[in-house]
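Let me begin by presenting the structure, written as structure tokens, before commenting on it.
Counting begins at 1 with the first residue of the sequence.
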Amino acid sequence: MIPARTWWRARPLASQILVWTLCLLLLTVALGGFVTNRITGQVLDEQFRQRALGVATTVAQMPEIAAALQTHDPSKRIQALAQQVRSQAQTDYVVVTDRDGIRYSHPNAALIGKQLEEPVEVLDGQTHVGTDPGSLGLSANAKAPIFDAEGNVIGEVSVGILETAVLTQLGQQAWLIVGYSALILLIGSTGSVLLARGIKRATFGLEPAEIASLLQDREALLHGIREAMVGLDDHQRITVINNEARRLLNIEGTALGRPIQELLPDGRLRDILTGKATGADQAVITDDALLVANRMPVSVGGRSVGAVVTIRDRTEVEALVRDLRSMEGLIQALRAQEHEYANRLHVVSGLLELGEVDQARTFISGVADTSRSLGEGLRARIEPPELAALILAKVTIAAEQDVHLTITDDSRLRQPFLGAQELLTIVGNLLDNAIDAVVGQPEPREVTLQLDDSSGIFVSVTDSGPGVPAEAVDDVVRDGYTTKQARPGMRRGIGLALVARIVRRAGGTMDVFAGPGGRFEVWVPATGQGAEGEAQA
């Protein structure tokens, strides 16, 4: 046998809503009807008492009644008047007694001349209202005193309306209450059915148990994956967000239900999340990381419900890829040098076979002096050995691509205010972009590097290429902007953005000049301290 609770939970949502609504309506209508019936009964009782009081006061003030009562009514005038008033006022009884309680009128003629079962209440000269059990039954009763000419109480008029009349009128109103209650139940039932259909439509036909299961699965999936994930509705409000997304987007506090525009500053990252920037694997640089984001619109039942954005932290991976590319460039340069030195060895070997020993010695000395002079010159003028080694490698790589890379004679950098990694990123990216810009261009293909540390760190890289178009000067340092063809495994549009980020965090400036001819200048103040651990690009 299925337990009642399990059976009830297995019922469709529409049935549960209908049953609960009907139960609540029945309870509400029953309580409302009971309270209304009680209040109506009390109001009717009070109305009948006041009505009886009016009749009793009127009868007590009739001169005929007082006169007949003083003479003990030998002609039965009081009974006739009481019957006439009872008929006209539609009361159930009008009883007149003297101050001793002897009846002079009564609907039951057999009780005339008999004494009341209860004492006379109006001897105090006041009127009295209440409920009287009486000989005819329970009634709404009012009693008024009869005064003689001197103002003395000589009798009492008691007027009553039986409770059966109250119940009759109450019964008539009860049917009205029942009718309204039935109408309320009908409206409530219709509303509950419509509400259930609306809820089913809003929940895509899912039952509560299915919704609960989906919620549990979503929470487990949302916080169990390592990738950052953000869910947005059609109004760009956050509907779901996991802890990794909070970390990468630097979002703290309450995020659910808030527009993404309130949580992120204007920029490429916000454009990707809102869908303004489209495309797969969109790279974006923040102050702390290099992120790759994908935005996928979501629709259920053919109706758009927003979008899901996944974000991956590619800072370390991208740094490794760029390091690998740099190593590949060095390997290619070394391979070219291998062929060049092999040719030189053949020359030396031939000179020796010909017996030209002095000529061979002179040739070897010239080759050694040329290589040594370039390296020693860079090391003497540039303090960080890593930077000097990078520049020397770039000279070799440029030469392999038939590009002449020159370091100006006045270049000096003995007081690096930035970390070595930051300097490598700045100089390496600027040189790479300059070399790429002149490769394939007509002669002369030249790149010039200038370094200065007289007032902070100044880096200038110029080239003989086409340069940056005037309309793209502001966009060239934006992450993701590139005019070059993508290389397999290498993201474009990141190098200059990394440089701009380092310079900005160090409190410096980066100037881009329009072509013809490329020109980039970076200045970092002496007090600037670069962020540790920037990825070399």
Side-chain angles (χ1 to χ4, degrees), residues 222 225-242 244-252 255-299 304-319 321-322 425 429 433 436 468-505 510 512 514 520 534-535 537:
L222 186 64
I225 60 177
R226 294 183 60 86
E227 287 189 349
M229 186 174 72
V230 181
L232 303 170
D233 62 14
D234 288 332
H235 301 287
Q236 310 304 334
R237 293 188 296 257
I238 294 180
T239 55
V240 293
I241 183 170
N242 63 0
E244 183 67 7
R246 287 179 177 274
R247 183 184 70 84
L248 294 181
L249 301 180
N250 196 24
I251 294 177
E252 298 179 355
L256 296 181
R258 296 178 61 186
I260 197 67
Q261 292 84 349
E262 295 181 4
L263 300 171
L264 295 179
D266 189 18
R268 178 172 169 79
L269 179 58
R270 195 170 82 178
D271 291 344
I272 293 175
L273 265 67
T274 58
K276 291 183 180 179
T278 59
D281 288 343
Q282 291 288 312
V284 58
I285 295 177
T286 67
D287 288 341
D288 302 311
L290 169 64
L291 308 178
V292 177
N294 283 283
R295 188 179 191 273
M296 180 66 66
V298 178
S299 61
S304 174
V305 295
V308 173
V309 182
T310 58
I311 305 172
R312 289 168 287 167
D313 187 357
R314 295 294 298 271
T315 306
E316 296 182 359
V317 175
E318 196 69 25
V321 170
R322 289 181 173 271
T425 299
N429 278 291
N433 284 342
D436 288 345
V468 178
E471 64 275 9
V473 168
D474 294 332
D475 295 330
V476 72
V477 296
R478 177 172 53 85
D479 51 325
Y481 179 86
T482 183
T483 58
K484 304 173 184 177
Q485 294 294 328
R487 288 183 292 178
M490 184 77 170
R491 300 185 187 279
R492 290 291 193 180
I494 295 177
L496 290 178
L498 285 172
V499 173
R501 181 179 70 174
I502 296 173
V503 173
R504 182 177 63 253
R505 296 178 67 177
M510 178 177 179
V512 181
F520 294 83
E534 291 285 358

Could you go step by step and tell me if Met229 and Ile241 meet the side-chain contact (heavy atoms from CB on, under 4.5 Å) rule?
-> CA-CA 6 Å; Met229 186 174 72; Ile241 183 170; over 6 Å; no

Take Ile311 and Glu227 through the side-chain contact (heavy atoms from CB on, under 4.5 Å) test and state the conclusion after the steps.
-> CA-CA 6 Å; Ile311 305 172; Glu227 287 189 349; over 6 Å; no

Pair Arg312-Leu291, side-chain contact (heavy atoms from CB on, under 4.5 Å): steps then yes or no | CA-CA 6 Å; Arg312 289 168 287 167; Leu291 308 178; over 6 Å; no

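In this structure the side chain of Phe520 reaches within 4.5 angstrom of the side chain of Leu496, judged on heavy atoms. Residues Leu232 and Thr239 are not in side-chain contact: their nearest non-hydrogen atoms beyond the backbone lie 4.5 Å or more apart. At least one side-chain heavy atom of Thr274 sits under 4.5 Å from a side-chain heavy atom of Gln261. Here the side chains of Arg295 and Leu273 are not in contact, with every heavy-atom distance at 4.5 Å or above. Residues Ile260 and Arg237 are not in side-chain contact: their nearest non-hydrogen atoms beyond the backbone lie 4.5 Å or more apart.
Checking Asp234 against Ser304 by side-chain atom types alone, a donor-acceptor pair falls below 3.5 Å.
Of all the heavy atoms in Arg270 and Leu264, the pair that sits closest is NH1-O, 3.2 Å. Looking at every heavy atom in both residues, Ala470 comes nearest to Ala514 through CA-CB, 3.9 Å.
To the nearest 0.5 Å, atoms CG (Leu249) and CD1 (Ile238) are separated by 7.5 Å. Distance check, rounded to the nearest 0.5 Å: CG of Asn242 to CG of Leu248 gives 8.5 Å. Expressed to the nearest 0.5 Å, how far CZ of Arg246 lies from CD1 of Ile251 amounts to 7.0 Å. Atom CD in Gln236 sits 9.0 Å away from atom NZ in Lys276 (nearest 0.5 Å).
More than 12 non-hydrogen atoms from other residues, nucleotides or ligands lie less than 6.0 angstrom from CD of Glu262.
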